[in-house]
Every structure is written in structure tokens, then in C-alpha cells.
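Below is one structure; the comments refer to it alone.
Chain A is the first sequence line, chain B the second, and so forth, proteins listed ahead of strands; every chain is numbered from 1.
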Amino acid sequence: MPELPEVETVRQGLTPVLVGRRLIRVQANRPNLRLPIPVDLAQRCVGRTVLALDRRAKYLLLRLEGGTVALIHLGMSGSMVARRLESHPDPGTHDHVIFETEDGWRVTFRDPRRFGLITLTTEDALDTHPLLAKLGPEPLSEAFDARVLVNGLGRRLTPIKMALLDQTIVAGLGNIYVCEALFRSGISPKRTAASVTGRRADRLAEAIRQVLVDAVAAGGSSLRDHRQADGELGYFQHAFAVYGREGEACPGCDCDVAKTGGIQRITQSGRSTFFCPRRQR
DNA sequence: ACGAGAACCTGTTTGC
DNA sequence: TGCAAACAGGTTCTCG
């Protein structure tokens, strides 16, 4: 599920609950997710104050007093929801890790498919951590523009759709926002990565930035599992131009859907791509 | 090195 | 109605 906008939404929502607060209880309810949950997770977190909650690509970085950093990835179906401790909903089967603060908040990491992960590292080792070291530029930072994008795409012959999912070229995009950014920039998902240069690259870099900004402002997209930190749904799914809209009218075309077939769905490397063949070339 | 496909896991939707 | 297949927001490994 969660792409950059969903992770950023969670980060923003959890920040007021966690930052500046001491953790008084951390409990893992199973030994592993995609990776083992460190056996000393609680020992290294409890009693420490949260200094910051940051995001790098689709990872959350929970920075603790003393230099410990918890790296959290939500995988496909992960969520992090904060509730007051005195409200005690049934603990769900997929509530894998619980964080509790000194002032009575409980943050629950839930992840039915368990493609997510929680691991520990330190401030010293963060830049060279295997999960982070190869990530490309943050698309919402100054470090990202058309020149950087073109450089990353290089001479690759893979479709631009696949190149944008490669986290080493640009970090944070997933299936939804790649489809939406390609639509906004009028670029066919089937075009080779290397052929996206010049004004096309300008449009694509800008579309990536814009679609992410719009999605963060809408609290991300809730197709199934995504929840904001307060448990509310995101609502950017209502603003999709193409994603999940096979057969519907393209919002940029005024042609007859019955004639053109509207938005098309194709499969690229085993994943669905949605696009308008008339507007995207 | 590159690119395609499979694997990881559970839940929901779709089709016969 | 019931059951099987297809599909789902991600990442990583293997194979050609």
C-alpha cells in the first residue's frame, strides 16, 4: 500500500503524539515481519525520549535519545495508528508491535501481509544502512529535478513505468503515483526510460512533484489498508485520473468511451498499469 | 549488468 | 452457494 504520501501522512500524524515523549512500553507480538524484529527492541527503546520522527523514501525513522534509530517500513498493508491508552479496542490478530508513551498514547503497528519491517540501527550507521544506502533522491526535495531524473534513467531500455518504481532512481513512488504522474505528464508507461529527456523529463519531474504534494494534502490514498495516524481514511483515491479506472472516461479526453474504451489496464512486469493511450505517448 | 518473473503472506473480489 | 483463481499500495532474490 503505502507510497511516499501515505508514509508522510502517517509521519505527520504521529509526530505530535511521539516527538518529545518518553516510551514506557514497546512490545513485539511476533518474532518477525519481513525481517526479524530485534529481540532487544524493547530494551533499546523503553525509557528513551523520541527526538524526531522523519521519513526517507517509504521508511519512517524513529530517532531516539542515545542515538538509537528504529527503521519502520509499512510494506503493502501496514498502518500505524495512535489511540489513547484508556480506549481499549480488541487487540487485532495483525497488531504486531505496540509502542506506548509516558503520557498515555498507544501506537499500533498493524500489517496483515507482513511485508513491512521494523529494525534498529544507530545515527552513526544510518547513511550506510543497507536498506537506505542505495535510495535515490527524495522527489520533494531540492535534490530532485529533471536533470537528476534524466541522469538516473540513463540509457535504460526498461519501460519508464518500471524505472520509476526503482527506488534507486527516485525514492518513494509506487504503483499508484507512477501511473498518475505519467498520466499528468502525458507520457506512455511503455516508453523506454532512456527516451524520457528534454521537455518530457521536465514535465515528468514536475508531475511527480505535484501528484505527491496533492496526495499528501489529501491524507494519502486509502484503497484498503491505509489509515492516517488518527485512524481516518485518506481521500486522494477520489482524485485518481487513471489508477483503478479501467474502462472509464479519461478526464483529459472528451472522446466517446464506448468508441475508445477509455482508460486501459495493461500488465508490466506482473503489475497493473493504468493509462490513456490517446493522451499518453 | 539488466530485465522479467517468482517469492514472501493474508485478505478480498471475481468468475465459473 | 461454494470454491478456486485472480488480484492488491512493496521489496528482494533468482534465472536467463
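For dT11(C), one of the phosphate oxygens OP1 or OP2 lies less than 4.0 angstrom from a side-chain nitrogen or oxygen of His73(A). Distances shown here put every side-chain N or O of Gln167(A) at or beyond 4.0 Å from the OP1 or OP2 atom of dG10(C). Taking side-chain N and O atoms only, Ser269(A) has a distance below 4.0 Å to OP1 or OP2 of dA4(B). In this model, the phosphate group of dG10(C) is approached by a side-chain N or O of Arg271(A) to a distance below 4.0 Å at OP1 or OP2. Residue Lys58(A) places no side-chain N or O under 4.0 Å from the OP1 or OP2 atom of dG9(C). Phosphate contact (OP1/OP2 of dA4(B), side-chain N/O of Thr158(A), threshold under 4.0 Å): present.
Heavy atoms of Arg155(A) sit nowhere under 4.0 angstrom from any nucleic acid atom.
Partners of Pro277(A) according to the side-chain contact (heavy atoms from CB on, under 4.5 Å) rule, which considers only residues two or more places apart in sequence or in another chain, are Gln264(A), Phe275(A). Partners of Leu223(A) according to the side-chain contact (heavy atoms from CB on, under 4.5 Å) rule, which considers only residues two or more places apart in sequence or in another chain, are Ile176(A), Gln237(A), Phe240(A), Tyr243(A). Annotation: salt bridge (Lys or Arg N to Asp or Glu O under 4.0 Å) contacts of Asp145(A) (sequence neighbours excluded): none. Judged as a side chain to side chain donor-acceptor pair (under 3.5 Å), and not counting sequence neighbours, Arg203(A) has no contacts. In this structure, Leu51(A) has no side-chain contact (heavy atoms from CB on, under 4.5 Å) partners at least two apart in sequence or on a different chain.
Residues of residues 106-120 of chain A that place a heavy atom closer than 4.0 Å to DNA chain C, in numerical order, are Arg113(A), Phe115(A). Of the residues in residues 129-139 of chain A, Leu131(A) come within less than 4.0 Å of DNA chain C through at least one heavy atom, sorted by number.
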Arg22(A) and Asp103(A): salt bridge (charged side-chain N to carboxylate O under 4.0 Å, His left out), yes or no, with the steps?
CA-CA 8 Å; Arg22(A) 192 179 306 274; Asp103(A) 56 343; over 6 Å; no

Hey, mind stepping through Glu232(A) and Arg227(A) against salt bridge (charged side-chain N to carboxylate O under 4.0 Å, His left out) and telling me if it holds?
CA-CA 6 Å; Glu232(A) 292 296 307; Arg227(A) 291 295 180 280; over 6 Å; no

Between Asp111(A) and Ser77(A), is the side-chain hydrogen bond (donor to acceptor under 3.5 Å, both in side chains) condition met? List the steps.
CA-CA 5 Å; Asp111(A) 184 10; Ser77(A) 58; 2.6 Å; yes

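Distance CZ (Arg265(A)) to C1' (dA6(C)): 9 Å, rounded to an integer number of Å. Taking atom CG of residue Leu35(A) and atom P of nucleotide dT12(C), one finds them 8 Å apart after rounding to whole Å. In this structure, Met76(A) atom CE and dT11(C) atom P are separated by 10 Å, rounded to whole Å. To the nearest angstrom, C1' of dG9(C) lies 15 Å from OH of Tyr59(A). For the pair Ile169(A) CD1 and dT11(C) C1', the computed distance is 15 Å after rounding to whole Å.
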Distances for protein N/O vs nucleotides 12-14 of chain B N/O pairs under 3.5 angstrom?
none

Every protein N/O within reach of nucleotides 13-16 of chain C N/O, cut-off under 3.5 Å:
none

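Proximity note for His94(A) (side chain, C-beta onward) versus dG11(B), dT12(C), dA4(B): the nearest is dG11(B). Listed nucleotides: dT11(C), dT10(B), dG3(B). Nearest to the side chain of Leu157(A): dG3(B).
Classification of the His96(A)-Phe109(A) ring pair by plane angle, with boundaries at 30° and 60°, yields tilted.
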Tell me, what's DNA chain C's dot-bracket, Watson-Crick or G-U with both distances under 3.5 Å, | for other-strand, [ ] crossing?
.|||||||.|||||||

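The salt bridge (Lys or Arg N to Asp or Glu O under 4.0 Å) pairs that include a residue from residues 68-85 of chain A are Arg84(A)-Glu86(A), where partners are two or more places apart or lie in different chains. Screening residues 124-133 of chain A for salt bridge (Lys or Arg N to Asp or Glu O under 4.0 Å) gives no qualifying pairs among residues at least two apart or on separate chains.
With respect to Thr273(A), the side-chain hydrogen bond (donor to acceptor under 3.5 Å, both in side chains) criterion is satisfied by exactly one of Arg265(A), Lys190(A), Lys161(A): Lys161(A).
Counting only N and O atoms by type, the side chains of Gln228(A) and Tyr235(A) include no donor and acceptor under 3.5 Å apart.
With salt bridges taken as basic N to acidic carboxylate O contacts below 4.0 Å, none links Arg21(A) and Glu102(A).
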